[in-house]
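Heavy atoms only: backbone and side chains are in, while hydrogens, waters and symmetry mates are out.
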Amino acid sequence: MTGYVLASGLKAVAESRGKTVAVAESMENGTLFGLNAQGKAVKATKLAGSVVKALGMVYEGSVREWGEGFVEDPNRPLNTKSYVDIMARHRVGVAEGTFTIAQVANKTPVYLGLAGEFTTTVPTGTGTLKQRVGIVVGQSTVEIDLNADLGEILA
């Protein structure tokens with residue numbers, strides 16, 4: 001699943017913004033991304049043989065300079081002329097009632113899925129990347145923290 005980024009950087013968890021990188025493919029707001037061999041942002045994936053570790057999350061109007069304002073538009077994807085900041089922490093909103101009260105209470109882990117998505121399903125399979133990317137913090141909210149787990153390739 002992907003969600004709409006509610007807040008990022010200082011607004012989310014009082015963390016300074018990261019390095020700005022060019023986007024190599026079209027991505028929607030809320031997509032987890034990593035870097036390709038050319039240092040450009042691509043969709044992160046756990047897929048065996050095509051693993052790309054999640055380093056940041058796309059959000060509309062990525063801030064280019066400290067303190068610069070931006071307008072969020074969740075319906076417009078970023079294209080290859082866009083830039084994103086590598087920030088490791090975000091609050092992400094998903095559909096109301098996506099998660100149960102038990103999942104919230106247990107702070108259920110969320111993992112990197114396919115094509116920049118996250119999931120509560122624990123990855124399995126040889127060669128698959130198992131990267132915990134955050135936790136469930138509300139029935140419609142996930143806290144992404146990409147510093148929590150660098151991930152491991154399953155044997």
Side-chain angles (χ1 to χ4, degrees), residues 1-13 15-95 98-99 109-137 140-154:
M1 76 187 75
T2 58
Y4 179 65
V5 177
L6 301 175
S8 61
L10 289 174
K11 292 194 310 185
V13 288
E15 179 175 297
S16 62
R17 75 181 194 85
K19 176 182 173 187
T20 303
V21 296
V23 175
E25 61 183 307
S26 292
M27 289 188 266
E28 301 291 330
N29 185 22
T31 302
L32 290 166
F33 70 86
L35 300 179
N36 65 13
Q38 292 74 40
K40 292 188 177 184
V42 294
K43 293 174 186 171
T45 183
K46 67 176 184 177
L47 187 63
S50 303
V51 167
V52 177
K53 291 184 180 184
L55 299 175
M57 180 172 269
V58 171
Y59 62 97
E60 176 61 33
S62 184
V63 180
R64 299 291 299 278
E65 298 294 334
W66 182 249
E68 180 180 341
F70 62 91
V71 176
E72 296 188 24
D73 179 357
N75 300 312
R76 188 174 72 83
L78 299 180
N79 61 36
T80 56
K81 294 181 181 176
S82 299
Y83 289 82
V84 290
D85 288 337
I86 299 178
M87 286 200 286
R89 298 179 125 182
H90 301 277
R91 282 268 170 138
V92 179
V94 295
T98 297
F99 305 109
V110 291
Y111 298 90
L112 176 61
L114 300 172
E117 298 178 345
F118 54 85
T119 179
T120 56
T121 304
V122 180
T124 59
T126 303
T128 300
L129 175 64
K130 180 181 175 186
Q131 182 182 10
R132 188 178 136 212
V133 296
I135 59 171
V136 174
V137 294
S140 61
T141 311
V142 169
E143 185 171 286
I144 299 294
D145 181 357
L146 300 173
N147 292 321
D149 183 4
L150 297 177
E152 66 174 305
I153 304 294
L154 299 176

Side-chain heavy atoms of [X] within contact of [Y], under 4.5 Å:
X	Y	answer
Arg89	Ile144	no
Lys46	Gln131	no
Ile153	Val51	yes

Where [X] and [Y] come nearest, the two heavy atoms and their spacing:
X	Y	answer
Ala95	Ser140	O-CB, 3.7 Å
Gly56	Leu146	N-CD1, 3.2 Å
Ser26	Lys43	O-CE, 3.5 Å
Phe33	Met27	CB-SD, 4.0 Å
Thr141	Val94	N-CG2, 4.4 Å

#### Entry: side chain to side chain contact (heavy atoms under 4.5 Å, CB included) between Val137 and Phe99, intermediate numbers included
CA-CA 9 Å; Val137 294; Phe99 305 109; over 6 Å; no
Which residues pass the side chain to side chain contact (heavy atoms under 4.5 Å, CB included) test with [X], not counting sequence neighbours?
X	answer
Val52	Val42, Thr45
Pro109	Tyr111, Arg132
Ala44	Leu32, Ala54, Leu112

### Task
Please lay out, stage by stage, how Val122 and Lys130 fare under the test side chain to side chain contact (heavy atoms under 4.5 Å, CB included).
CA-CA 7 Å; Val122 180; Lys130 180 181 175 186; 3.9 Å; yes
### Residue pair Phe118, Thr31: steps toward the side chain to side chain contact (heavy atoms under 4.5 Å, CB included) verdict
CA-CA 9 Å; Phe118 54 85; Thr31 302; over 6 Å; no
### Worked verdict on Val21 versus Leu35 for side chain to side chain contact (heavy atoms under 4.5 Å, CB included)
CA-CA 9 Å; Val21 296; Leu35 300 179; 4.0 Å; yes
#### Entry: Euclidean distance, Asp149 CG relative to Leu129 CG, rounded to 0.5 Å
8.0 Å
## Note on the structure
From the list Thr119, Thr120, Asp145, Ile135, side-chain contact (heavy atoms from CB on, under 4.5 Å) with Val110 holds only for Thr120
